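Here is the structure we will look at.
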Amino acid sequence: MASERYNPREVEPRWQKHWNEAKVFETDNDDPREKYYVLEMFPYPSGRIHMGHVRNYAMGDVVARYKRARGFNVLHPMGWDAFGMPAENAAMKNKVHPKTWTYENIDSMRKQLKSMGLSLDWSREFATCDVEYYQRQQHLFLDMMEKGLVYRKNSKVNWDPVDMTVLANEQVIDGRGWRSDALVEQRELTQWFFRITAFAQDLLDQLDTLDQWPEKVRLMQKNWIGRSEGLTIRWEVVPTNAHGDLKDITVYTTRPDTLFGASFLAISADHPVAKEAAARNPEIAAFCDECRRHGTSVAALETAEKKGMDTGIKVVHPFDPEWQIPVYIANFVLMDYGTGAIFGCPSGDQRDLDFANKYGLPVVPVVMPANASKDEFKITDEAYVGDGIMINSRFLDAMDTDAAFEEVANRLASRFIHDQPQGGRKVNFRLRDWGISRQRYWGCPIPVIHCEVCGVVPVPKKDLPVKLPDDVSFELPGNPLDRHPTWRHVGCPQCGKDARRETDTMDTFVDSSWYYARFTAPWEDAPTNPAAADAWLPVDQYIGGIEHAILHLLYSRFFTRAMRETGHVGLDEPFKGLFTQGMVVHETYSRGEGHGREWIEPAFVRIEEVDGRRLATHIDSGEEIAIGSIEKMSKSKKNVVDPDDILASYGADTARFFVLSDSPPERDVIWSESGVEGSHRFVQRVWRLISEAADTLRSVESKPAKEGEALGISQIAHRTLRAVQSDYDRLGFNKAVARIYELVNALAAPLAQVAAGKADAPTVSAVREAVEILIRLVAPMTPHLAEECWTLLGNTGMVAEAGWPVFDEMLVAENEITLPVQINGKKRADLTIARDADQTSVEQAVLALDSVRMALDGKVPKKIIVVPQRIVNVVV
RNA sequence: GCGGACGUGGCGGAAUUGGUAGACGCAAGGGACUUAAAAUCCCUCAGCCUUUGGCUAUACGGGUUCGAUUCCCGUCGUCCGCACCA
């Protein structure tokens, strides 16, 4: 057989067409086989796919193809996370409608994904900006509203006065808008919220059940939810004429044990008491304004000095009517955590200590380490925040901190002021309700109507969808929906009078919070078909970037609960298995220094090795170029490799195989030209080895050898099968690749023999069987190559529809094993012995070894440790 | 500051989670084939020594163990998440 080179440009489109025509990857909801739902986080249609997409979708595709071969009914869909700001930015910059821009991008990215040969069910594809999708999202919103999971409240936002829009925290850079460079203001706006805090405890508790999630992600979510157990304590205000009818101030604390160390109360500048004081006193008002101006940028927080201002108000210590404590307004107290008020215990909290030292407030140590001495224990510049023994705390003295906590909690619960307990146990969460209002055009319209008579009226479901108008302009700043001449004017659904539509649209995170459920029945009129959703969900394997560890995954977990409450699904947790893959990174190249530095794309750089060091030169000019650090592929550093170029020159199989090789999938993979060439060599090699022997192989039956010279061939094939299978089960793609290399290396010589006509009949049969195992092992990673080789061997049907091979226990089992023999923990010899040899015979055989006898030199060993089928250690 | 992860050849990484450290790939060097190149194939490739052997090596220093890359304590370094959270 002639061995022309394997040509992916011809082969790959051909097989993609075959798969498509046979609808191999379209999934039937009524298929009775066991289900398997594999999903990769869907892409934002930015215009072109990048290598990160290639890696993400290659991994998901391996899982999908592998599980399909294992006999599962696999759901593997794809869609587009298509709403969001970039489309509006493009509209402003290039005068193109967001819709046009988005759908054109989707078209070109779909083409790119299809050229990767992914086994996706394209019949279920949708974009979140499809009316059919966001209509159902509006339906969900209304259902959630009915269940009290949606509400409006005033909330502070970052307002860009030039662009006339709300900015996310990430869009505020040094206090200025990222586009307009205008000073950002804090504004109070009425915004829509999802009541995610209603599920705070459940979202926390259920993390323990997600045992197929990375520990890291679970921990990040746990910290984000941030549960703390403490006490609210009411402090009686010392009555004076100055403060009207203010009776008490409630603080939240997790350290009630330190109550006798209290030396001040601190309240937020937004606390009602602070606002009232500000109204009376211009100096306080100015201080509150200053506090509000800070607190926006992260950098400002880091360096911000602890500042406070005495309100003149005094409160009484809960356990001592004679003890009065001043109330400060402090810039470090947050209104939206706890009660917006704290008591400061300087000896037990560094921040409180800094504050007390600055304003000359008392510092009384109340907790000391268990081994410290009361007389020597002092607090000056460093607070003691640990647990320990109570001191200077009257009835708490000598208790440990836990007991003191309990004692204070119990005493305050049974003391009443103004007819209410003075203290109560309180669980607090860091998690806040999810603000979803965006003053933007390209998003899902919030389906409510504002009527002057009836108030906020939900749009009746029969009137859905609330469609985005197409005739909008982006000439002026602000939300085009606000300026639209007709869209916002509408009759009130209740009273019929003139009313106006809500012009806020939803945060795009809402769109991605339930798409996985929609895929289970995307044709359905309701948001989901509950039966289909319950049958498919949870997603068995979800794959995506670690950057979504908190928000997207937490919001999706919330949405599943909200959909359960509203009857759209019957479960809590959307993703059973989660895998967070690493990035694709690349060396950077540049010439020049400082501001004149110019980054060079890898495509223009040639790398050579001269005298043992790597040298980069510019392909056109021959100029030497500096090799920089390895970083995430980004446009700014120009260290980007375009998947299109790779697919065009090497083909999809090479690209897929490369991104799966070498690095463990959760870690970053370094893209290198030589690495890709290595993968390409592998593809070519497999093709060449098989095609050269194909004529002979085709003429024999595929049959493993159970004895004789060919036994080794069948053994390694079946052992590799078992190993790769378990690697795929654990997403160990890089290990699977290594084992497949080993198998190919082992089959190279026998295949050459077959090609040369020098192999006997049983060997040819065994080789064919081994090659057919190999083909099915590589098929999930390099599916086109696998189909081509499969056909070449004269098989009918497609590998994509062939089952997974079953390894033969007899061939996998080792009858003789080679045990390493150690003397005092150092390897000195090997012992080959029957696998099932008992301890005594192993010991005897070991003692009979020359090297062992020499090492013993006639002495009797102290001990012989035999670990069955592992190792022998002789202790002298 | 709080929380977490990681540290193995020139490089990416293996090591069945306490049992032969360095699989597999990349890079490099040598050779074969060829008029030549490409492609392909074969060999070498942690370091050191007195080389059919031996010693030292998994960031560094200790510990537990017959045996430690793996477990424990400390030190150094790198990366990630959160951050005025009371």
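Per chain, numbering begins at 1; letters A, B, ... match sequence-line order. Keep in mind the model is a prediction, meaning the values are calculated, not measured.
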Are R739(A) and E742(A) ion-paired here, with the side-chain N under 4.0 Å from a carboxylate O?
no
Quantified in whole Å, what is the P atom distance between nucleotide rG10(B) and nucleotide rG3(B)?
36 Å
Kindly say whether the aromatic ring centers of F579(A) and W213(A) come within a distance under 6.0 Å.
no
Whole-Å distance, Y741(A) OH to rA23(B) C1', equals 14 Å
Between rG7(B) and rG61(B), how far apart are the two C1' atoms, rounded to whole Å?
16 Å
Send over the distance from L743(A) CG to rA23(B) P, rounded to a whole Å.
18 Å
Measure the distance from CD1 on I865(A) to P on rG67(B) and round it to the nearest whole Å.
8 Å
Nearest-angstrom distance, P atom, rG62(B) to rU16(B)
26 Å
Please confirm whether any donor atom in the side chain of K735(A) sits under 3.5 Å from an acceptor in the base of rC24(B), or the reverse.
no
With heavy atoms under 4.0 Å as the rule, sort S661(A) into base, sugar-phosphate or nothing.
nothing
Look at the side chain of Y252(A) and the backbone N and O of L231(A), then say whether any donor-acceptor pair between them is shorter than 3.5 Å.
no
Contacts of G678(A) and S663(A) projected onto RNA chain B by closest heavy atom; the upstream (5') one is S663(A)
Using a cut-off of 4.0 Å on non-hydrogen atoms, how would the nucleic acid contact of R739(A) be classed: base, sugar-phosphate, or nothing?
nothing
Between R430(A) (CZ) and rA83(B) (C1'), how many Å, whole number?
8 Å
Sticking with atom C1', work out how far rA27(B) lies from rG12(B), rounded to a whole angstrom.
11 Å
Between D668(A) (CG) and rC6(B) (C1'), how many Å, whole number?
13 Å
Could a donor-acceptor pair under 3.5 angstrom be found where the side chain of R432(A) meets the base of rC85(B)?
yes
Expressed as a whole number of Å, how far does the P atom of rC24(B) sit from that of rC43(B)?
12 Å
Are E814(A) and R835(A) close enough, and set up right, to give a salt bridge (Lys or Arg N to Asp or Glu O under 4.0 Å), and what steps lead you there?
CA-CA 7 Å; E814(A) 320 244 0; R835(A) 179 190 150 82; over 6 Å; no
Take atom P in rC26(B) and the same atom in rA21(B), then report the distance between them in whole Å.
26 Å
Assign rG9(B) to syn or anti; the rule is syn for a glycosidic angle within 90° of 0 and anti otherwise.
syn
Interatomic distance at C1', rU51(B) relative to rA37(B), whole Å:
39 Å
The residue, V874(A) or V737(A), whose nearest nucleotide of RNA chain B is more 5′ is V737(A)
Could you check whether R730(A) and S726(A), counting side-chain N and O atoms only, form a donor-acceptor pair closer than 3.5 Å?
yes
So L219(A), base contact, sugar-phosphate only, or nothing? Heavy-atom distance under 4.0 Å.
sugar-phosphate
Using the P atom as the reference point in each nucleotide, state the distance between rA59(B) and rG25(B) in Å, no decimals.
25 Å
